[in-house]
Amino acid sequence: FVVFKPEFGNMQSPNLTLDWREEKTVVYLLGQGSGGYRDVYSMHSGDEASTPYSFSMVAVDARQVENGDYTQYITQAKDELAKNRAKTTFSFEITRAAEQYRQVWDLGDRVTVQWDDYQADLRIVGVAVEVGADGEAVTPRLEATG
């Protein structure tokens with residue numbers, strides 16, 4: 001179990017960016033019917049309190065869903081909310097990476113990063129090793145686990 005965080009001395013220069021500009025917190029699925037008699041299914045993300053924009057909606061045509069098939073409505077609504085979620089990017093440098101590579105962490109390992117209130121589980125999917133006059137420079141490439 002590996003945790004990267006500044007207090008442990010294995011993380012430096014953390015940079016967290018939260019982008020809510022394209023986030024949608026409510027989705028309306030417009031089902032079968034015509035005019036004012038069209039079926040409408042709505043779902044809220046529950047993130048209204050955590051975004052500075054509070055309420056942002058998207059309407060999606062869902063005429064392909066059969067009347068009364070709420071499973072398809074729920075699935076499509078969840079997919080739309082997931083697709084329109086706020087974008088979070090986090091970057092940092094691993095200190096003493098050359099010393100820790102293959103001793104503490106290795107290619108394919110799942111690791112956790114923590115900084116302030118932010119926490120994410122990542123996987124080491126690549127490692128670049130550069131050898132120069134100053135020694136080795138090791139840079140892992142991390143991706144979110146899904």
Side-chain angles (χ1 to χ4, degrees), residues 1-130 137-146:
F1 185 72
V2 177
V3 177
F4 293 108
K5 70 190 283 187
E7 294 82 0
F8 292 167
N10 59 2
M11 175 195 287
Q12 67 183 15
S13 305
N15 183 13
L16 176 63
T17 304
L18 301 171
D19 184 2
W20 294 285
R21 292 175 293 180
E22 302 297 321
E23 180 182 33
K24 305 298 183 219
T25 56
V26 178
V27 62
Y28 290 103
L29 298 179
L30 308 175
Q32 293 182 1
S34 62
Y37 298 102
R38 198 162 178 187
D39 291 337
V40 177
Y41 179 83
S42 68
M43 181 179 280
H44 295 257
S45 69
D47 293 333
E48 291 89 353
S50 64
T51 175
Y53 301 110
S54 204
F55 177 88
S56 181
M57 59 138 305
V58 62
V60 178
D61 186 10
R63 281 183 264 199
Q64 78 283 1
V65 176
E66 293 183 29
N67 279 335
D69 191 353
Y70 292 104
T71 305
Q72 287 185 23
Y73 279 141
I74 292 168
T75 302
Q76 188 171 351
K78 284 184 176 185
D79 290 346
E80 280 297 320
L81 288 173
K83 182 174 74 175
N84 291 293
R85 191 173 286 150
K87 307 292 187 265
T88 302
T89 56
F90 183 71
S91 63
F92 65 97
E93 295 175 20
I94 297 176
T95 56
R96 303 184 326 269
E99 298 170 22
Q100 296 177 6
Y101 179 47
R102 295 194 179 248
Q103 302 299 317
V104 178
W105 52 266
D106 203 349
L107 181 64
D109 285 356
R110 294 179 187 264
V111 298
T112 300
V113 296
Q114 296 176 343
W115 182 60
D116 282 343
D117 293 334
Y118 179 78
Q119 177 174 320
D121 294 322
L122 306 174
R123 184 177 203 124
I124 300 173
V125 295
V127 178
V129 179
E130 296 180 25
V138 176
T139 307
R141 187 168 53 95
L142 301 139
E143 288 183 0
T145 58

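- A search for side-chain contact (heavy atoms from CB on, under 4.5 Å) contacts involving A97 returns I94, W105, V138, not counting sequence neighbours.
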| task | May I have the step-by-step check of side-chain contact (heavy atoms from CB on, under 4.5 Å) for I74 and Y41, ending in yes or no? | result | CA-CA 9 Å; I74 292 168; Y41 179 83; 3.2 Å; yes

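- In this structure F8 satisfies the ring pair (Phe, Tyr, Trp, His ring centres under 6.0 Å) test with no other residue, sequence neighbours excluded.
- Residues that satisfy the side-chain hydrogen bond (donor to acceptor under 3.5 Å, both in side chains) test with Q103, not counting sequence neighbours, are absent from this structure.
- Minimum interatomic distance between P140 and I124 (heavy atoms only, all atoms of both residues): CB-CG2, 4.1 Å.
- Within the structure, every pair that satisfies the salt bridge (charged side-chain N to carboxylate O under 4.0 Å, His left out) test and touches residues 85-98, not counting sequence neighbours, is listed here: R96-E99.
- Taking OG from S42 and OH from Y73, the interatomic distance works out to 11.5 Å, rounded to the nearest 0.5 Å.
- Atom CG of L29 is separated from atom OG1 of T75 by 10.5 Å, given to the nearest 0.5 angstrom.
- A heavy-atom distance below 4.5 Å is found between the side chains of R110 and T145.
- Qualifying ring pair (Phe, Tyr, Trp, His ring centres under 6.0 Å) partners for F90, counting only residues two or more places apart in sequence or in other chains: F92, Y118.
- A distance-only check finds a donor-acceptor pair linking the side chain of N10 to the backbone of K5 [under 3.5 Å].
- Residues satisfying the side-chain contact (heavy atoms from CB on, under 4.5 Å) test with R38, not counting sequence neighbours, are L30, D61, R63.
- The minimum heavy-atom distance linking T95 with Q100 is given by the pair O-NE2, 3.6 Å.
- Atom CD of Q12 sits in a crowded spot, with more than 12 heavy atoms from other residues, nucleotides or ligands closer than 6.0 Å.
- Applying the salt bridge (charged side-chain N to carboxylate O under 4.0 Å, His left out) rule to pairs touching residues 19-36 yields D19-R21, sequence neighbours excluded.
- Partners of T112 by side-chain contact (heavy atoms from CB on, under 4.5 Å), not counting sequence neighbours, listed by chain and number: F1, V3, Q114, Q119, D121.
- Side-chain N or O atoms of R123 include one that pairs as donor or acceptor with a backbone N or O of G108 at under 3.5 Å.
- With sequence neighbours left out, the side-chain contact (heavy atoms from CB on, under 4.5 Å) criterion links N15 to T17, S91.
- Partners of R141 under the salt bridge (charged side-chain N to carboxylate O under 4.0 Å, His left out) rule, at least two apart in sequence or in another chain, are E143.
- Summarising the geometry, atom CE belonging to M43 is positioned 13.0 Å from atom OG1 belonging to T25; distances are rounded to the nearest 0.5 Å.
- Contacts of K83 classified as side-chain hydrogen bond (donor to acceptor under 3.5 Å, both in side chains), with partners at least two apart in sequence or in another chain: E80.
- N84 places no side-chain N or O within 3.5 Å of a backbone atom of L81 that could act as its donor or acceptor partner.
- At most 12 non-hydrogen atoms from other residues, nucleotides or ligands lie less than 6.0 angstrom from OH of Y37.
- Residues V60 and Q76 form a side-chain contact, since some pair of their non-hydrogen atoms from C-beta on lies under 4.5 Å apart.
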| Worked check of side-chain contact (heavy atoms from CB on, under 4.5 Å) between V125 and L142 | CA-CA 6 Å; V125 295; L142 301 139; over 6 Å; no

